[in-house]
There are 2 protein chains.
Amino acid sequence: MADAPKRPLTLRDVSEASGVSEMTVSRVLRNRGDVSDATREKVLEAAKALGYVPNKIAGALASQRVNLVAVIIPSLSNMVFPEVMTAISDVLDDTPLQPVVGVTNYKKEREEKVLYEMLSWRPSGVIIAGLEHSEASKAMLRGAGIPVVEIMDTDGTPIDAAVGISHRRAGRMMAEAIIKAGYRKIGFLGTKMPLDHRARKRFEGFTEALAKAGMEIADQEFYEGGSALGKGREMTEAILKRTPDLDFLYFSNDMIGAGGLLYCLDNGIDVPNQLGLAGFNGVELLKGLPRTLATMDSCREEIGRKAAEIIASRVEGGIEGPQGQKIELTPTIERGHTLRRKPKDAAYPE
Amino acid sequence: MADAPKRPLTLRDVSEASGVSEMTVSRVLRNRGDVSDATREKVLEAAKALGYVPNKIAGALASQRVNLVAVIIPSLSNMVFPEVMTAISDVLDDTPLQPVVGVTNYKKEREEKVLYEMLSWRPSGVIIAGLEHSEASKAMLRGAGIPVVEIMDTDGTPIDAAVGISHRRAGRMMAEAIIKAGYRKIGFLGTKMPLDHRARKRFEGFTEALAKAGMEIADQEFYEGGSALGKGREMTEAILKRTPDLDFLYFSNDMIGAGGLLYCLDNGIDVPNQLGLAGFNGVELLKGLPRTLATMDSCREEIGRKAAEIIASRVEGGIEGPQGQKIELTPTIERGHTLRRKPKDAAYPE
DNA sequence: TTGAAAGCGCTAACAC
DNA sequence: GTGTTAGCGCTTTCAA
C-alpha cells in the first residue's frame with residue numbers, strides 16, 4: 001500500500017503505468033468506445049494498483065455534463081423531507097444521476113443562497129420544495145436552462161414542472177370529514193412559522209370549508225420550536241383549559257397531534273366521543289401509538305418518485321421534455337381511532 | 001428578464017457587458033485583490049443584470065480547491081444522523097466549506113461506492129460514520145490526502161481522526177446502572193442488523209458488564225424493518241409472553257424503547273417497579289411520552305460540531321494539522337421514570 | 001482500435 | 001488597479 005501522495009493521481013499517471021495513451025485510459029474507465037480486452041485489462045490493473053480515483057471536476061468541465069441533481073428542502077429534522085429524499089435516491093439509483101441536498105431552514109434568503117451555490121455546480125436538474133421563492137431565486141431557476149421540479153405543493157404557478165398535493169384542498173377535505181362526522185366545536189393547533197406556506201394553505205382551506213358550512217374555528221393555538229410531541233401536549237392542555245367544550249382538535253402536523261392524543265389518554269378524555277383529533281402527514285410513528293391518530297397521507301413517497309422520474313426523463317431526452325406539467329396527487333384521509341362519527345349523530349354507523 | 005439562454009453565461013459575457021477584463025471580473029466576484037470601487041460597481045451591475053452564476057467546476061479545476069466536505073452516513077431515516085448533519089452544517093456555515101451528504105444504508109459496498117463518487121469530486125475533507133470500512137474504502141481515505149474524521153464511535157483504530165463515544169463503554173455503563181438499581185432478570189431487545197456495529201458494541205459491553213456481576217441476559221429479541229415504535233410494542237409483548245418474570249428490558253434504541261414503554265402503560269405493567277426500561281440515544285421524542293424513558297445521551301450534537309471543527313481547522317492550517325486525534329466523549333445516563341431503584345432493594349432512596 | 005490536438009471556464013502568477 | 005498568459009485534468013473530435 002502506497003503512502004498518501006502529495007499530488008493526487010491523474011489519468012496521465014495511469015497512462016504511464018500502463019503504457020496506454022491517456023485517451024484510451026479514459027475510454028476504459030468510462031466504458032466508452034471500443035477497446036481491446038488486452039488494453040482494457042492493462043488499464044484496469046494499473047488504475048487499481050495505483051488507487052486512481054478519476055477527477056470529476058475535470059471530467060465535468062470537459063464534457064459539459066454534471067450528473068448531479070440539486071434537491072432543495074427546508075429541513076432535515078422534519079422526517080417528511082428525509083422520506084422524500086429516500087424516494088428520490090431510489091429512483092436516481094437506476095440512472096447516472098446523483099442527488100445533492102441543500103437545506104434552507106424555511107428561510108427565503110437562505111434558499112436563495114443555497115440555490116446559487118448549487119447552481120454554480122451546474123447540476124442537470126433541480127428539485128425544490130414549494131412554489132414560493134424570491135424573485136431572484138425564480139430568475140436563477142428560469143435562467144439555469146435545466147429541468148426544475150417544484151414539489152410538495154400545487155397551489156400556485158410552477159416555474160417549470162410541479163408534483164404535489166393541494167394543501168388548500170387537503171385542509172378542506174379534512175374539515176368536511178370532521179363536519180360530516182358530527183363535530184361542531186373545532187379547535188386548530190399549528191405552527192407559528194409564517195414561512196411554512198403549506199401549513200398556511202391547509203389552514204386556509206380548512207377555515208374556508210368550515211365557513212361554507214356556516215362554522216368557524218372555535219379556538220386556536222400556535223407554537224414554535226421545541227419537541228413537537230411535548231408541544232402538542234402543552235398546547236392541547238392550554239386550549240382545553242381555555243375552551244373546555246371543544247369537541248375536535250385539528251393539528252397542523254402529526255407530531256403535535258400525537259402529543260395531543262397522548263395528553264388526552266393520560267387525562268381520561270374520551271377520544272373520539274368527547275373529543276375527536278386529527279393531524280396531517282401520515283407519519284409512520286402514529287402506528288405505534290396506543291390509538292391511531294386520524295391523519296392524511298401527504299403522498300411523500302410518490303412525490304419524490306415522480307419528481308425524480310421527471311428529472312431523469314428530461315435529462316435523457318434533452319432539456320426540452322414534456323414541459324410545465326403540474327401533477328396533483330390526491331391525499332387520502334385515514335380516520336384511525338380519533339375521527340369517528342359522534343354517537344349522538346350516528347343514525348347509522350359508518 | 002431574459003429568456004432561458006441556450007448556453008450558460010460565462011465570465012466572458014460579464015466581461016463584455018461591463019467592459020472589464022475577465023480577470024478583473026473574476027476578482028470582483030470573489031472579493032480578491034484590490035479593485036477600484038468604480039469597476040467593482042460596473043461588474044456587479046453587469047453580473048446581476050445578466051443573471052450570471054459562476055461556474056464552480058471551472059473555478060475548482062483552475063484553483064485546485066474544492067470547498068466541499070463529504071459527509072457519509074448510514075441513513076437519513078434514523079433521526080440521529082440528520083441531527084449530526086445539522087451540527088456539522090452549523091459549524092461549516094461560518095467557513096467557506098459546504099457539506100455534501102452521502103448515504104450508505106448501512107452497507108459496506110454502498111459505502112465504498114458513495115465514497116468513490118464523493119472523492120472523485122476532490123472534497124477538502126471527509127466526515128464518515130463509524131470505524132468499520134472495507135479495505136478498499138480505507139485505502140481510498142488514506143490515499144485521498146485530505147483530513148478524514150470518523151465519527152460516532154471510538155472503539156477501534158481511526159484512519160486519521162475520530163470523534164465519538166465508546167459504545168462498548170456505553171453498554172457497560174447502562175448495565176452497571178441497571179444492576180445497581182436492583183434489577184436482576186434482564187432482557188435485551190435490539191436490531192437484527194448485523195451491520196450496525198455501534199449497536200453490536202453496546203450489546204457486547206452490556207453483556208460483559210453483566211458477566212462481571214455474575215449475571216447474563218435472561219432473554220432477547222431482535223427485529224428488522226418496520227415502524228420502530230410498533231416493533232417495540234410487538235417485541236415487548238413477545239418477550240414478556242415468553243419470559244414473564246423479566247424485571248428489566250434494555251432496548252438498543254429509544255424508538256423501540258418508547259414502543260415498549262407504551263406497551264407497558266397500555267397493559268397496566270408497573271414501570272419501573274415491576275419492570276424497568278431503558279433505551280439509547282436521548283432522542284427528543286421521549287420528552288413527550290407519558291413517562292420519560294431512561295436513556296443515554298449519545299452526544300450527537302457535540303460529535304457533529306467537533307468533527308466539523310477539526311476539518312475546518314485542518315483545511316485552514318494546511319493538510320498537516322494536529323493529526324490522528326481520537327476524541328472520546330462521555331455519554332450520560334438519564335434515568336427518566338423508568339430506571340429507578342427497585343423498592344425492595346431500596347435501603348436508601350436515591 | 002488507438003492516438004493527437006484543442007479546448008471546457010476559470011484562476012495563479014506574473015507583467016504592466 | 002488591471003490585463004495577459006498559461007494551464008487545471010479531463011473529454012470531444014477527428015485523424016490514423
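Within every chain, numbering begins at 1; the chains are lettered A, B, ... in the order of the sequence lines, protein sequences first and strands thereafter.
- The distance from atom CD1 of A/I57 to atom P of C/dT11 is 13 Å, rounded to the nearest whole Å.
- Spacing between atom CD of B/E41 and atom C1' of D/dG1 amounts to 16 Å, rounded to whole angstrom units.
- Using a 4.0 Å cut-off, no side-chain N or O of B/R27 falls inside it from OP1 or OP2 of D/dG1.
- Residue B/D34 is in base contact, counting any heavy-atom pair closer than 4.0 Å across all strands shown.
- As a whole-Å value, the separation of A/D13 CG from D/dC10 P is 9 Å.
- Each of B/S36 and A/G59 has a nearest nucleotide on DNA chain D; the 5'-most of these lies closest to B/S36.
- Between C/dT2, D/dT4, D/dG9, one nucleotide has an atom nearer to the side chain of A/V35 than all others, and that is C/dT2.
- A/S26 and A/R30 are linked by a side-chain donor-acceptor pair at a separation below 3.5 angstrom, with hydrogens and angles left out of the test.
- Note that the CE atom of B/M152 and the CG atom of B/L329 stand 11.0 Å from one another [nearest 0.5 Å].
- Atom CG in B/L61 sits about 18 Å away from atom P in D/dA6, given to the nearest Å.
- Close to C/dG9, at under 4.0 Å from its OP1 or OP2, lies a side-chain N or O of A/Q64.
- The shortest distance between the side-chain N/O atoms of A/T24 and the OP1/OP2 oxygens of C/dG3 is below 4.0 Å.
- When the C1' atom of D/dC10 is taken as reference, atom OH of A/Y52 falls 8 Å away, rounded to whole Å.
- For the pair B/L11 CG and C/dC8 P, the computed distance is 13 Å after rounding to whole Å.
- Residue A/R40 has no polar side-chain atom (N or O) positioned under 4.0 Å from OP1 or OP2 of C/dT1.
- As rounded to whole Å, 17 Å separates atom C1' of D/dT2 from atom CZ of B/R32.
- Taking atom CZ of B/R12 as the reference point, atom C1' of D/dG3 lies 14 Å away to the nearest angstrom.
- Where B/R122 and B/T39 meet DNA chain D, the nucleotide closest to each residue was compared, and B/T39 sits on the side nearer the 5' end.
- Contact annotation: A/R65 does not reach the phosphate of D/dT11 (side-chain N/O to OP1 or OP2, under 4.0 Å).
- Proximity of A/S26 to the phosphate of D/dT11: a side-chain N or O atom is located under 4.0 Å from OP1 or OP2.
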CA sep, side-chain torsions, deciding dist, call: A/Y106, A/I73, side chain to side chain contact (heavy atoms under 4.5 Å, CB included): CA-CA 8 Å; A/Y106 290 97; A/I73 54 181; over 6 Å; no
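- Closest to the B/S63 side chain, of the nucleotides C/dT11, D/dT11, C/dT2, is C/dT11.
- Residue B/R7 places none of its side-chain N or O atoms closer than 4.0 Å to OP1 or OP2 of C/dG9.
- To the nearest 0.5 angstrom, A/L119 atom CG is 6.0 Å from A/L141 atom CG.
- Side-chain N or O atoms of A/K138 include none that pairs as donor or acceptor with a backbone N or O of A/E132 at under 3.5 Å.
- Minimum atom distance to the side chain of B/M23 is reached by D/dT4, of the listed D/dG7, C/dC8, D/dT4.
- At distances below 3.5 Å, not a single donor-acceptor pair connects side-chain atoms of A/S137 with backbone N or O atoms of A/H133.
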